Amino acid sequence: MGSELPFARSHGLVCRAYIEHGMQSLPQPVKLYYMGPMFRRERPQKGRYRQFYQIGAEVLAAATLRD
């Protein structure tokens, strides 16, 4: 499998959105959730479907440096 993910949507999208939309300037911690269809990249086993739904929650906070 290497660096490829077994599904099309990555959990890294949450971290990317946090940085891209400047959420580090919001009051911390930032609480996010996501839900929606995902698709298996590999051929599904018998009785399983390519598309499935996933719900997730993330709590992110900007790191602070202390002296």
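Just so we're clear, the structure is a prediction, and the values are computed from it rather than from any experiment.
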Smallest separation among heavy atoms of Met23 and Gln28, with atom names: O-NE2, 3.1 Å
Only counting residues at least two apart or in another chain, list the ones meeting side-chain contact (heavy atoms from CB on, under 4.5 Å) with Tyr33. Met35
Rounding to 0.5 Å, atoms CD1 (Ile19) and CG (Leu60) come to a distance of 9.0 Å
Using the test side chain to side chain donor-acceptor pair (under 3.5 Å), find all partners of Gln24 that sit at least two apart in sequence or belong to another chain. none
Option among Gln51, Arg50, Gln54 that satisfies the side-chain contact (heavy atoms from CB on, under 4.5 Å) test with Pro37: Gln51
